[in-house]
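Please read the structure below before turning to the comments.
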Amino acid sequence: MNENAFNHSLFSFLKASSSPFHAVSHMAERLLHAGFMHLHEEQFWTLEQGKSYFLIRDNGGLIAFNLGSAVTREDGFRMLAAHSDSPCLQIKPRAEKLTGSYLQLGVEVYGGPLFGPWFDRDLSLAGRVCCQLADGSLQVFLVDFARPLVVIPSLALHFDRTANEGKTINAQNHLVPLIAQSLDNQLPDFPSLLKGQLAGQYPAAAVKEILGFDIFCYDTQKPSFLGINQEFISSGKLDNLLSCHAAMSALIKDDKRHNSLFFCANHEETGSVSTTGAQGAFLDSVLERLLPDPQIRRMALHRSFLISIDNAHAHHPNYHDTADPQHEIVLNRGPVIKINAKQRYATNSISSSIFKLLAGEADIAVQEFVMRSDMACGSTIGPLTAARLGVQTVDIGAPTLAMHSIRELTGSKDPHLLYRSILQFLNTNTDFRPGR
Ligand code: ZN
């Protein structure tokens with residue numbers, strides 16, 4: 001796939017991924033289309049070398065793998081990891097808030113979004129709803145209102161003359177979106193709005209009652225190219241759907257001679273402690289089923305390598321003193337190896353060397369990021385997964401500006417460069433591990 005086709009594939013993935021559940025569901029569709037077989041954790045698995053499989057846990061986590069035709073499982077796995085979630089605002093269980101003639105929805109902050117960019121945007125709602133059906137059974141449905149629906153208006157400058165000098169945003173008081181207005185108190189309740197949406201999306205479902213939901217606000221603005229030569233890509237959720245798309249696409253394009261695996265974790269933005277998070281046992285439990293003998297599993301993991309993919313900070317031209325001068329990261333200049341002495345990233349000199357050689361084989365330049373020494377460094381799922389499994393790991397990512405904004409920016413060459421470097425990892429015949 002060339003760069004342009006790859007970016008359009010990314011755009012359609014971003015548009016379909018209004019929540020982590022939608023992202024996973026869309027990945028499942030693409031994997032099924034590419035011949036992967038859907039496994040279920042509550043069933044026995046009969047697996048064959050040379051075939052491809054995937055499973056979904058709790059709607060938001062996915063593991064897909066190819067069992068290589070030229071190897072056995074004991075030879076280890078070429079592993080990729082990324083996360084399905086993005087910082088956002090999540091609707092509270094008892095969401096309705098009547099303020100005068102307005103109906104508002106109470107939200108909790110999910111992860112660490114920049115609050116400012118959430119104001120004055122055409123937001124919609126998507127997620128999953130758990131319902132009791134007419135026959136008494138429980139059923140989970142994915143919902144997406146898929147149109148501009150809610151908004152958080154800014155306070156006019158005239159009421160806060162210092163707004164441009166420094167603004168305090170209180171999440172409880174200031175981030176409450178408007179969803180409806182009625183001058184005669186004819187306001188709907190949120191569950192009946194959800195029920196109406198379900199009836200539109202699933203006309204055959206006999207929903208008796210909505211018992212619970214995980215619904216998130218998202219920006220309805222579509223991804224776009226920017227810049228005089230279309231050198232930029234602007235979109236919501238580039239962190240980390242850009243990486244999910246690259247990993248999924250590489251796994252599908254893999255020549256499938258070696259064993260490869262993609263772990264798509266949920267809840268990275270909230271600390272990864274969940275049934276589908278990188279601190280949970282999702283990946284361990286799949287590896288146990290692939291390699292039931294503990295000693296053989298240990299040996300296979302020692303022969304494996306993990307590329308953990310999550311976006312990297314590009315140097316911001318308006319904020320020069322936020323970057324280490326020797327490690328200025330630039331858009332469109334190649335994937336970024338992320339390094340931190342406190343192991344906030346799992347990269348070490350061995351794993352970074354392996355990635356440099358892989359990228360070199362594909363003729364791709366790489367960049368190296370470290371945080372300024374006087375600033376705290378973020379983290380990702382790489383160190384958590386490396387620590388759990390004891391697998392050699394490198395943390396990499398596409399360079400990004402405005403990370404954790406509702407609208408993030410990357411270079412238009414970056415998604416394809418990232419994809420090509422990880423496809424090289426899956427397909428190479430060279431064994432880069434030292435001392436072999
Ligand atoms: Zn991320």
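Since the structure is predicted, the reported quantities are computational estimates derived from the model, not experimental observations. Start at 1 and go down the list; that is how both ligands and their atoms are numbered.
Two rings, from F54 and F36, have their centers 6.0 Å or more apart. In this structure, F6 has its ring center closer than 6.0 angstrom to the ring center of H245. Aromatic pair H320/H315: ring centres closer than 6.0 Å.
Nearest N, O or S atom of D310 to the Zn ion (ligand 1): atom OD1.
Angle subtended at the Zn ion (ligand 1) by H83 NE2 and D239 OD1: 100°, rounded to 10 degrees.
Distance check for E269 against the Zn ion (ligand 1): none of its N/O/S atoms falls below 2.8 Å.
A perpendicular orientation is assigned to the rings of F282 and F263, their planes being inclined by more than 60° (bins at 30° and 60°).
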